[in-house]
Amino acid sequence: MSFSNLHSINPFSWLRNRILRTIIFIFIIELLVYHLYYSNHNSWFDRKNIYDDNNNVNDVNHQIKIQYEFNNIIETAQEKAVREKRRDSIKNGFLHAWRGYSKYAWGYDELRPVSNIGKVKFNGWGATIVDSLDTLWIMDLKDEFNKSLEFVKTLNFTSSNSKSNVFETIIRYLGGLLSAFEFSEEPIFLEKAKELGSALLPSFDTPTGLPYNFVHLNPDRSIVDPPDGGGLLAEVGTSCLEFTKLSKLTGEDEYFYIVNNITNTIFNAKKPIPGLFPLRISQLTGEFTNEHVSFGAAGDSFFEYLLKEHILLGNSAEQYEQYRNMYIESIEGMYKYLIKPSPIKERPDLLFLGELQYYDSFIGKMGHLSCFAPGMLAIGSKVFDRPEDLEIAKKLVETCYWAYGITKTGIAAEELWFKIIEKYDYGEEENEIEGQEEGKNKFNGLPNGIEQLMPTYYILRPETIESLFVLYRITGDKKYQEQGWKLWQSIDKWCKTSSGYSGLFNVNAGSVTQNDSMESFFFAETLKYLYLLFSPPDLISLDDYVFNTEAHPMKIV
């Protein structure tokens, strides 16, 4: 039959077939575009490398052994008794503070442990309660945990009378809820985590996707604009662990897309030194607005999360190599520009981690917050098979521990300033400083080579204890337990009040004055890391969990 005869029999068939072919062609083109776009944008939907046929995350990361093989260590009955006695001391310290909070400040964010009144600091949602959930579970305080669970049921994360710091809300509340859910499998914790995660989504509605510094978690309030100078690196760049875990537990990919975009934006921002990201970045342009580089305050957790997000996601998915590469490049930059040998003649074995005020201006300031870095380096040494990182970690953690011993209270100050000298040969002329006697500087009573403690306060920070815990779990060296116990004894002596524990105004003063503040992270981090330091090493193994920057453990997928 000829074409003309076919057309005369069915005049619409030719047109219908052509339209059908066109639709099929457009569908194929769109499918190819979709595949190419998402394969080049770190798509969470590209699951072939990390998901099995049942949509469960493959066990891709457990080939890496992080913890020491503790089966090789024989613990005597006497050693066990001492360890458990110390752990009980820490648990009793927790209970003392918890009971004080419960009596005087239940439902408030924190307790003022000297005046015994409650304080609203993070929206009045009971930050201490949510921050303590997983610590209560780990310490087997089930009655206290169940009371806290009932409190969580009453929370409404979509309404607040005050603006919320996005960073603090994520690490304390969202991190606490997710960890509590993974431990207990109580559905309310995941429900509230999803409620909070959804309420936070508008904070990422910026031209770059970098989150605002503050938001009003209330539908009839507008988002607070970022201040001039942009956001802090640690604040805008510390959310990937929590939102990745929320995405996995809920099956909703939007949470992961948002935080992965943040990493891409920060990665693409111009910086003169590879791996060293300045402390301020604009949410409007995605460009850095200063040259200050620090692994301490305002920078710390960004670098920490590069490593931990890689661990959480697994190391077999090619699209997540970005976290690995960014982390290693940052560590190499740290080694080259920020780590210096000790200027202290009596302790040439120490290293310290300073900062760049500008790219060409090094300062010898090592903050207490920087003391998380030894733990980070130790974990990274195992994950990426970089044994030299572990040796650097050992020297840095020794410096952090040493900083406690040089004060009158045995507690480290917020910042320790090292004297910067060009040569570290410890020759007589090189280290001759006016006013030094018997290894001390008579102007401040500190060891030669230390310029000052400034600021001098202590707010119950956990970072040195965190690194001692990690170094113990990775090396099996019991000296880290001994050092941790000594730090706890100093905290228990000087910071304890009738209802809890307080920070100190000046750790090196002749007369110690408490500052009447007990941060929620004292429950979430300081006491948890101390408790785990003296617990059997299979309790929250580093092979199975990563800790967010508020010490909330999350299962490695």
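Quick note: numbers below take in every heavy atom, side chains included, and nothing from hydrogens, waters or symmetry partners.
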Does the [X] side chain pair with the main chain of [Y], one donor and one acceptor, at a distance under 3.5 Å?
{"X": "Gln514", "Y": "Lys496", "answer": "yes"}
{"X": "Thr456", "Y": "Leu453", "answer": "no"}
{"X": "Asn515", "Y": "Gly503", "answer": "yes"}
{"X": "Ser132", "Y": "Thr135", "answer": "no"}
{"X": "Ser535", "Y": "Leu539", "answer": "no"}
{"X": "Thr409", "Y": "Val507", "answer": "yes"}
{"X": "Asp543", "Y": "Ile66", "answer": "yes"}
{"X": "Ser370", "Y": "Met366", "answer": "no"}
{"X": "Thr128", "Y": "Asp109", "answer": "yes"}
{"X": "Ser467", "Y": "Gly375", "answer": "yes"}

Which atom names give the shortest non-hydrogen contact between [X] and [Y], and what distance separates them?
{"X": "Phe267", "Y": "Phe277", "value": "CA-CE2, 4.4 Å"}
{"X": "Leu542", "Y": "Ile556", "value": "O-CD1, 4.1 Å"}
{"X": "Ile420", "Y": "Gly364", "value": "CD1-N, 3.4 Å"}
{"X": "Ser381", "Y": "Asp389", "value": "CB-CB, 3.8 Å"}
{"X": "Thr238", "Y": "Ile170", "value": "O-CG2, 4.3 Å"}
{"X": "Ser498", "Y": "His96", "value": "O-CE1, 3.2 Å"}

Next on the checklist: Please check if the number of heavy atoms outside Tyr335 that lie under 6.0 Å from its OH is greater than 12.
Outcome noted: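 Yes, because the 6.0 Å sphere around OH of Tyr335 holds more than 12 heavy atoms from other groups.
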Next on the checklist: Atom OH of residue position Tyr108 - does it have more than 12 heavy atoms of other residues, nucleotides or ligands inside 6.0 Å?
Outcome noted: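 Atom OH in Tyr108 is not crowded, with 12 or fewer foreign heavy atoms closer than 6.0 Å.
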Next on the checklist: Before we go on, tell me: are the rings of Tyr337 and Phe362 under 6.0 Å apart, centre to centre?
Outcome noted: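 Ring centres of Phe362 and Tyr337 not closer than 6.0 Å.
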Checklist entry - Can you check side chain to side chain contact (heavy atoms under 4.5 Å, CB included) on Ser330 and Leu306, steps first, answer last? => result CA-CA 9 Å; Ser330 294; Leu306 294 177; 4.2 Å; yes
Do the ring planes of [X] and [Y] sit parallel (below 30°), tilted (30 to 60°) or perpendicular (above 60°)?
{"X": "Tyr472", "Y": "Phe70", "answer": "tilted"}
{"X": "Tyr501", "Y": "Phe522", "answer": "tilted"}
{"X": "Tyr529", "Y": "Phe469", "answer": "tilted"}
{"X": "Tyr458", "Y": "His368", "answer": "tilted"}

Next on the checklist: Using side chain to side chain contact (heavy atoms under 4.5 Å, CB included), reason through Leu530 and Leu468 one step at a time and then give a plain yes or no.
Outcome noted: CA-CA 9 Å; Leu530 279 166; Leu468 291 175; over 6 Å; no
Donor + acceptor pair across side chains of [X], [Y] (<3.5 Å):
{"X": "Asp516", "Y": "Ser502", "result": "no"}
{"X": "Thr549", "Y": "Glu304", "result": "yes"}
{"X": "Asp131", "Y": "Ser520", "result": "yes"}

Checklist entry - side chain to side chain contact (heavy atoms under 4.5 Å, CB included) between Ile450 and Ile344: does it pass, once the steps are laid out? => result CA-CA 8 Å; Ile450 299 298; Ile344 301 160; 3.9 Å; yes
Item to check | Lys163 to Phe214, cation-pi by 6.0 Å centre distance and 45° axis angle | outcome: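 Verdict for Phe214: a cation-pi partner in Lys163.
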Checklist entry - With a distance cut-off below 6.0 Å to the six-membered ring centre and an angular limit of 45° from the axis, does Lys308 pair with Phe547 as a cation-pi contact? => result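 Lys308 over Phe547 ring: no.
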Next on the checklist: Let's go through Glu332 and Arg386 carefully: what are the C-alpha distance in whole Å and the side-chain angles of both, what is the deciding distance for salt bridge (Lys or Arg N to Asp or Glu O under 4.0 Å) to 0.1 Å, and is it a yes or a no?
Outcome noted: CA-CA 11 Å; Glu332 292 300 323; Arg386 291 168 54 94; 2.6 Å; yes
Would you compute the distance between atom [atom1] of [X] and atom [atom2] of [Y] and round it to the nearest 0.5 angstrom?
{"X": "Tyr305", "Y": "Phe303", "atom1": "OH", "atom2": "CZ", "result": "14.5 Å"}
{"X": "Arg99", "Y": "Asn92", "atom1": "CZ", "atom2": "CG", "result": "8.0 Å"}
{"X": "Ile465", "Y": "Ile491", "atom1": "CD1", "atom2": "CD1", "result": "4.0 Å"}
{"X": "Leu369", "Y": "Ser294", "atom1": "CG", "atom2": "OG", "result": "8.5 Å"}
{"X": "Leu533", "Y": "Lys478", "atom1": "CG", "atom2": "NZ", "result": "12.0 Å"}
{"X": "Tyr545", "Y": "Ile311", "atom1": "OH", "atom2": "CD1", "result": "15.0 Å"}

Checklist entry - What's the verdict on ring-ring contact (aromatic ring centres under 6.0 Å, His included) for Phe505 and Tyr457, showing C-alpha distance, side-chain angles and the deciding distance? => result CA-CA 4 Å; Phe505 281 115; Tyr457 62 77; 8.7 Å; no
May I ask you to decide whether [X] forms a salt bridge with [Y], counting only side-chain N to carboxylate O separations under 4.0 Å?
{"X": "Glu482", "Y": "Lys479", "value": "no"}
{"X": "Lys528", "Y": "Asp134", "value": "yes"}
{"X": "Glu414", "Y": "Arg461", "value": "yes"}
{"X": "Lys365", "Y": "Glu355", "value": "yes"}
{"X": "Lys271", "Y": "Glu291", "value": "no"}
{"X": "Glu398", "Y": "Arg347", "value": "yes"}

Checklist entry - Would Tyr531 and Asp88 count as a side-chain hydrogen bond (donor to acceptor under 3.5 Å, both in side chains) if you check the C-alpha gap in whole Å, the side-chain angles of each, and the deciding distance to 0.1 Å? => result CA-CA 8 Å; Tyr531 184 83; Asp88 288 343; over 6 Å; no
Checklist entry - Does the side chain to side chain contact (heavy atoms under 4.5 Å, CB included) test come out yes or no for Asn548 and Glu242, once each step is laid out? => result CA-CA 8 Å; Asn548 87 334; Glu242 295 83 359; 2.9 Å; yes
Checklist entry - side-chain hydrogen bond (donor to acceptor under 3.5 Å, both in side chains) between Trp485 and Gln483: does it pass, once the steps are laid out? => result CA-CA 5 Å; Trp485 176 245; Gln483 292 176 347; over 6 Å; no
Next on the checklist: Using the rule given for side-chain hydrogen bond (donor to acceptor under 3.5 Å, both in side chains), can you reason through Thr263 versus Tyr323, listing the C-alpha separation, both sets of side-chain angles and the distance that settles it, and then say yes or no?
Outcome noted: CA-CA 8 Å; Thr263 305; Tyr323 292 99; 3.2 Å; yes
Next on the checklist: Determine whether Glu75 and Lys80 satisfy the following criterion, salt bridge (Lys or Arg N to Asp or Glu O under 4.0 Å), listing intermediate values before the conclusion.
Outcome noted: CA-CA 6 Å; Glu75 184 180 49; Lys80 181 178 180 181; 5.9 Å; no
Checklist entry - How far apart are the C-alpha atoms of Asn213 and Glu235, what are their side-chain angles, what is the distance that settles it, and do they pass the side-chain hydrogen bond (donor to acceptor under 3.5 Å, both in side chains) test? => result CA-CA 7 Å; Asn213 304 331; Glu235 294 196 351; 5.7 Å; no
Checklist entry - Heavy atoms, side chains only, cut-off 4.5 Å: are Ile379 and Val546 in contact? => result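 They are not in contact (no side-chain heavy atoms under 4.5 Å apart), so the answer is no.
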